[in-house]
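A short write-up of the structure that comes next.
All chains are named by letter (A, B, ...) in the order of the sequence lines, taking the proteins before the strands, and each is independently numbered beginning at 1. Heavy-atom basis, side chains included; hydrogens, waters and symmetry copies ignored.
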Protein chains: 2
Amino acid sequence: MSVVSQATREHILKAAEHLFGQHGFSCASLRQITDEAGVNLAAVNYYFGSKEDLYKQMLFRRVRPVNEERLNLLTQAEQLAGDQPVPLRSVLDTFIRPLLRRAADSALGGMSFLRLISRDLTDPQPFMLDEMAREFDPLVTRYTHVLTQALPGTPLPELFWRMQFTIGAVLYAAAHQHDFERISHGLCRGDDFDGCIHRLIDFCAAGLGAPLSTS
Amino acid sequence: MSVVSQATREHILKAAEHLFGQHGFSCASLRQITDEAGVNLAAVNYYFGSKEDLYKQMLFRRVRPVNEERLNLLTQAEQLAGDQPVPLRSVLDTFIRPLLRRAADSALGGMSFLRLISRDLTDPQPFMLDEMAREFDPLVTRYTHVLTQALPGTPLPELFWRMQFTIGAVLYAAAHQHDFERISHGLCRGDDFDGCIHRLIDFCAAGLGAPLSTS
DNA sequence: ATTTGTTTTAAACATTTGTTTAAATCACCT
DNA sequence: AGGTGATTTAAACAAATGTTTAAAACAAAT
């Protein structure tokens, strides 16, 4: 194993990110990927073992930094808040920004990554379920805890439903931000990533803090 | 063509709904479908022409009634409101209920249909794009119009962003309602369809009506 | 220059896929 | 009973898939 190079490995990961992001796991073929990477077909199995393992490594190398960033920002926000609850909008910022800022940064996967993670959380490949659950478990714990304090008086089931709605809104926006411009006939700018983040925070903060239904 | 029977056609549609709903268009094979339907493989091409056409017919026969119901309820709500704007929560009810009530009604597709339509709106098959756009175009027009009146003072781009967030929350909830029970360790009841509808309305109404950001 | 271990390559493999064909079977009507 | 058109069936088709193999090419060190 040469210390440098590993160039073909990187080329494969890059092409896989692009094509899996565009067509999904089962509709992107290894031949498409190796062609785009300018690499021999067998290189995938040589470096990654199988198509599934390529997919896993390709996705996790992007997901892990996102979730680390989220937890770090959350810790910072908690320290900043002292013994007060972390403000709701700050919580949402730590959750949304690390994900959506990837859209503008092709070195971190760009829109391909956002489509990938959105698809894999809304419609997961069976072989990803376990490892994804393990990856996101710490997030669920931390965010549930900090949100119960940011929204005192909200019953836990109620909070949980609203967290799911939030996740739905965020993932949909993450994957379709680029299409909004076309769909809205130019009303929404598809490259206004920062605007999207702020609008998502406005929307979800209001939703999470909505008055509790009397029924 | 016998006036009765068409039984194999129905069996195929039923199995297609189930298996396309479970695995998606490309991961469900015609052989799986015809096996589950208890029907010969060639029957699909005999009755539907191709796999893509089977998928289209299977999906549209479920989607069209949903959107008709939505538009009818919207018309009723407009008549009830007279010259006043239709209340925001009523608008949301006409949009959400016709979809989510399918979850409990297996004669209308049940959860399979919700997974199907959610997947096809978040991650559409290329060959579905045109016909789906044509199917949903009237909805976009009507709901945009009625929401501008329910939320006076909201700039149109802002409204459009929030409509997208709403769609994301609704589709995610529609497809994952059943999983919430497991994910939440029993906190959320996965079969509480009516509760899900009400909570979605609470959440989205607050989000759509959130204070306008000053920036 | 030879050897050693890594990487790349082309070819072949066994499956699975959607689709087509042509014969067989069925249902219905005179 | 015979005939007609619709339906069902088994078989075959070509194309595409992920994976494996074994030889070739390469790089680095002695």
Base-pairing mate for D/dT17 - Watson-Crick or G-U, with both contacts under 3.5 Å: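 Base partner found: C/dA14.
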What is the pairing partner of C/dT25, taking Watson-Crick or G-U wobble pairs with both distances under 3.5 Å in any strand?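 WC or wobble partner is D/dA6.
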Mind calculating the distance between [atom1] ([X]) and [atom2] ([N]) to the nearest angstrom?
X: B/Phe25; N: C/dT17; atom1: CZ; atom2: P; value: 13 Å
X: A/Ile12; N: D/dG18; atom1: CD1; atom2: C1'; value: 14 Å
X: B/His23; N: C/dT17; atom1: NE2; atom2: P; value: 12 Å
X: B/Phe48; N: D/dT8; atom1: CZ; atom2: P; value: 11 Å
X: B/Leu41; N: D/dC13; atom1: CG; atom2: P; value: 16 Å
X: B/Arg9; N: D/dA6; atom1: CZ; atom2: C1'; value: 15 Å
X: A/Asn45; N: C/dA10; atom1: CG; atom2: P; value: 16 Å
X: A/Asn40; N: D/dA24; atom1: CG; atom2: C1'; value: 12 Å

When you get a sec, tell me which of [options] is the closest nucleotide to the side chain of [X]?
X: B/Leu30; options: C/dT19, C/dA10, D/dA10; result: C/dT19
X: B/Tyr47; options: C/dT20, D/dT7, D/dT19; result: D/dT7
X: A/Ala42; options: D/dG18, D/dA10, C/dA10; result: C/dA10

Below 4.0 angstrom from OP1 or OP2 of [N], is there any side-chain N or O of [X]?
X: B/Thr8; N: D/dT7; result: no
X: B/Tyr46; N: C/dT19; result: no
X: A/Ser29; N: D/dA16; result: no

Quick check on DNA chain D: between A/Gln32 and B/Gly38, whose nearest nucleotide comes earlier from the 5' end?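 Per heavy-atom nearest nucleotide, the more 5' residue is B/Gly38.
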Give me the ring orientation class for B/Phe180 and B/His176: parallel if the planes are under 30° apart, tilted from 30 to 60°, perpendicular past 60°.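 Answer is parallel, since the angle falls under 30°.
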With ring pair (Phe, Tyr, Trp, His ring centres under 6.0 Å) as the criterion, how do A/Phe165 and B/Tyr172 come out once you've worked through the C-alpha distance, each side chain's angles and the decisive distance to 0.1 Å? CA-CA 7 Å; A/Phe165 302 154; B/Tyr172 188 80; 9.0 Å; no
For B/Arg102, is there an ion pair with B/Glu69 - N to carboxylate O distance below 4.0 angstrom?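 A salt bridge links B/Glu69 with B/Arg102.
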Answer yes or no: is there an ion pair linking A/Asp202 with A/Arg89, defined by an N-O contact shorter than 4.0 Å?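 Looking at A/Asp202 and A/Arg89, the cut-off is met.
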Value rounded to 0.5 Å, distance of CD in B/Glu158 from CZ in A/Arg199: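 Rounded to the nearest 0.5 Å, the CD-CZ separation comes out at 5.0 Å.
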Let me spell it out: for each of A/Ala43 and A/Arg31, pick the nucleotide of DNA chain C with the closest heavy atom. Which residue's pick is nearer the 5' end?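 Mapping each residue to its closest nucleotide by heavy atoms, the 5'-most match is A/Ala43.
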